[in-house]
Amino acid sequence: MLELLADAAPDGLSVSDIAERAQLNRVTAHRILAAYKAHGYVRQDGSGEPYRLGFKLVELAQSVLSESDLVRLAQPILDGLVERAGETCHLAVLDGAEAVYVAKVESSHAVRLVSRVGLRLPLYCTGLGKALLAWMDEQHAARLIDLQCFERRTKHTIVSKKALFAELEATRERGYAVDLGENEVGVRCVAAAVRDREGLPVAAVSVSGPDARLPDDALETLGLLVVATTASIAEALNGGQNAQAKFL
């Protein structure tokens, strides 16, 4: 039910809509929502108004993120990346068959990307997703690729397993992944994996921006910058004391 409300943000849903989508009867849905509302997990602007997610969830999310060494150690390194790249960066981890943003640092540009911590992304058509897949165990990657929908989001979207496997090979050869308007029209991205001591991905970092600000001749420079960023984060996670200083 909370996921349904998240998908319906910011408009919210009526109790009837929630009951129908969650395949519950209306009385049961209303009882659950009343309990959620009492504890701050959902809210209403007034009786009969749509239900929306409550601010208690923000508190819970912050508790999760504050316990994450990954986010804590990566944050100053991500700040340095945005200063050097001049574009918005994201840190994402694998969750099921999707990637999810766990940190974001905005660029100073007036025109910015619409994204948020907690947003879930497909793997097959995003730089972050391809970076995670490229250095994953082959069997694990194959299972996750089988779960992708391969929906054509733009005219540039990869829509077949064969094309994706070829792109993952190219990603490994260059050291970073690219998204040339595959997920959103007019948005480009370069991304690289944060890898553990065995070389397996634990997260990925991306730099994204409008295609007008990320022309072809800028992608390699940004890609190498993102690779350096992920190496610094990996060193910090592995106990390195000078990862931030070395990167900055």
Taking side chain to side chain contact (heavy atoms under 4.5 Å, CB included) as the test, write out the residues that go with Ala218, two or more places apart.
Pro215
Hey, mind stepping through Val194 and Leu237 against side-chain contact (heavy atoms from CB on, under 4.5 Å) and telling me if it holds?
CA-CA 10 Å; Val194 178; Leu237 287 172; 4.0 Å; yes
Under the side chain to side chain donor-acceptor pair (under 3.5 Å) rule, what pairs show up with a residue in residues 20-32, not counting sequence neighbours?
Ser16-Arg26, Asn25-Thr28
Side chain to side chain, Leu168 and Ile145, heavy atoms closer than 4.5 Å:
yes
Does Arg43 use its side chain to pair, donor to acceptor, with the backbone of Phe55 at less than 3.5 Å?
no
Is a side-chain N or O of Ser232 found less than 3.5 angstrom from the main chain of Ala228, in a donor-acceptor match?
yes
By the ring pair (Phe, Tyr, Trp, His ring centres under 6.0 Å) test, which pairs, at least two apart or in different chains, include something from residues 80-107?
His90-Tyr101
All heavy atoms of Gly209 vs all of Leu214, minimum pair found to be N-CD1, 3.4 Å
Kindly compute the distance separating SG (Cys189) from CD (Glu87), expressed to the nearest 0.5 Å.
11.0 Å
Who are the side chain to side chain contact (heavy atoms under 4.5 Å, CB included) partners of Glu169, not counting sequence neighbours?
Arg172, Glu173
So does Glu49 have more than 12 non-hydrogen atoms from other groups sitting under 6.0 Å from CD?
yes
Grab the two heavy atoms, one from Val105 and one from Gln75, that are nearest each other, plus how far apart they are.
CG2-NE2, 3.4 Å
Distance, nearest 0.5 Å, that separates NE2 of His39 from CG of Leu57
13.0 Å
Examine Leu2 and Leu4 and state if one hydrophobic cluster contains both, with Ile, Leu, Val, Met, Phe, Trp and Tyr joined whenever side-chain heavy atoms are less than 4.5 Å apart.
yes
Side-chain touch Leu144/Leu94, heavy atoms, less than 4.5 angstrom
yes
Heavy-atom pair with the smallest gap, counting every atom of Ala193 and Pro201
CB-CB, 4.1 Å
Applying ring pair (Phe, Tyr, Trp, His ring centres under 6.0 Å), which residue pairs with at least one partner in residues 142-176 are found, sequence neighbours left out?
Tyr124-Phe150
Is it the case that one hydrophobic cluster holds both Val100 and Met136, taking links as side-chain heavy atoms less than 4.5 Å apart, direct or via other members?
no
Glu98 meets the side-chain hydrogen bond (donor to acceptor under 3.5 Å, both in side chains) criterion, sequence neighbours left out, with Arg120
Measure the shortest side-chain to side-chain distance between Ile77 and Val205 over non-hydrogen atoms and say whether it is less than 4.5 angstrom.
no
Treating Ile, Leu, Val, Met, Phe, Trp and Tyr as nodes and any side-chain heavy-atom pair under 4.5 angstrom as an edge, say whether Leu70 and Leu132 lie in one connected cluster.
no
So, do Leu164 and Lys130 sit near enough that their side-chain heavy atoms are less than 4.5 Å apart?
yes
By salt bridge (Lys or Arg N to Asp or Glu O under 4.0 Å), which residues pair with Lys37, not counting sequence neighbours?
none
Does any non-hydrogen side-chain atom of Thr171 lie less than 4.5 Å from one of Leu133?
no
How would you list, by chain and number, every residue that makes a salt bridge (Lys or Arg N to Asp or Glu O under 4.0 Å) with Asp17, sequence neighbours excluded?
none
State, to 0.1 Å, how close Val93 and Ala203 come at their nearest heavy-atom pair, and which atoms those are.
CG1-CB, 4.0 Å
If you look at every heavy atom in Gly127 and Ala177, which pair is closest and at what distance?
O-CB, 3.4 Å
Are Leu78 and Val227 connected into the same hydrophobic cluster when the rule is that any two of I, L, V, M, F, W, Y join if their side-chain heavy atoms are below 4.5 Å apart?
yes
For Ala142, which residues count as a side chain to side chain contact (heavy atoms under 4.5 Å, CB included) partner, sequence neighbours excluded?
none
Residues Thr154 and Gly181: closest non-hydrogen pair is OG1-O, 2.5 Å
Pairs flagged by salt bridge (charged side-chain N to carboxylate O under 4.0 Å, His left out) wherever residues 132-146 is involved - sequence neighbours left out
Asp146-Lys161
Determine whether a donor-acceptor pair (N or O, by modelled atom type, separation under 3.5 Å) exists between the side chain of Thr157 and the backbone of Glu182.
yes
Taking the side chain as every heavy atom from C-beta outward, state whether Arg152 and Cys125 have any atom pair closer than 4.5 Å.
no
Spacing of Leu224 atom CG and Leu219 atom CG [to the nearest 0.5 Å]:
11.0 Å
Same cluster or not: are Leu180 and Val159 linked, directly or through other Ile, Leu, Val, Met, Phe, Trp or Tyr residues, by side-chain heavy atoms under 4.5 angstrom apart?
no
Is there a side-chain contact between Leu33 and Gln44 in this structure, where contact means two heavy atoms from C-beta onward sitting under 4.5 Å apart?
no
Output, in order, the C-alpha distance, side-chain angles, deciding distance and verdict of side-chain contact (heavy atoms from CB on, under 4.5 Å) for Leu24 and Ile18.
CA-CA 8 Å; Leu24 298 170; Ile18 293 171; 6.0 Å; no
Going by the rule side chain to side chain contact (heavy atoms under 4.5 Å, CB included), which residues pair with Ala8 if we only count those two or more places apart in sequence or in a different chain?
Leu13
Residue pairs fulfilling side chain to side chain donor-acceptor pair (under 3.5 Å) with at least one residue in residues 186-196, sequence neighbours excluded
Arg188-Asp216
Measure from the side-chain N and O atoms of Gln148 to the backbone N and O of Leu123, and report whether any donor-acceptor pair falls under 3.5 Å.
yes
Test item: Arg84 and Thr229 side chains (from C-beta on) under 4.5 Å apart, heavy atoms
no
Using atom types as modelled and distance alone, determine if a side-chain donor or acceptor of Lys104 lies under 3.5 Å from a backbone N or O of Thr88.
no
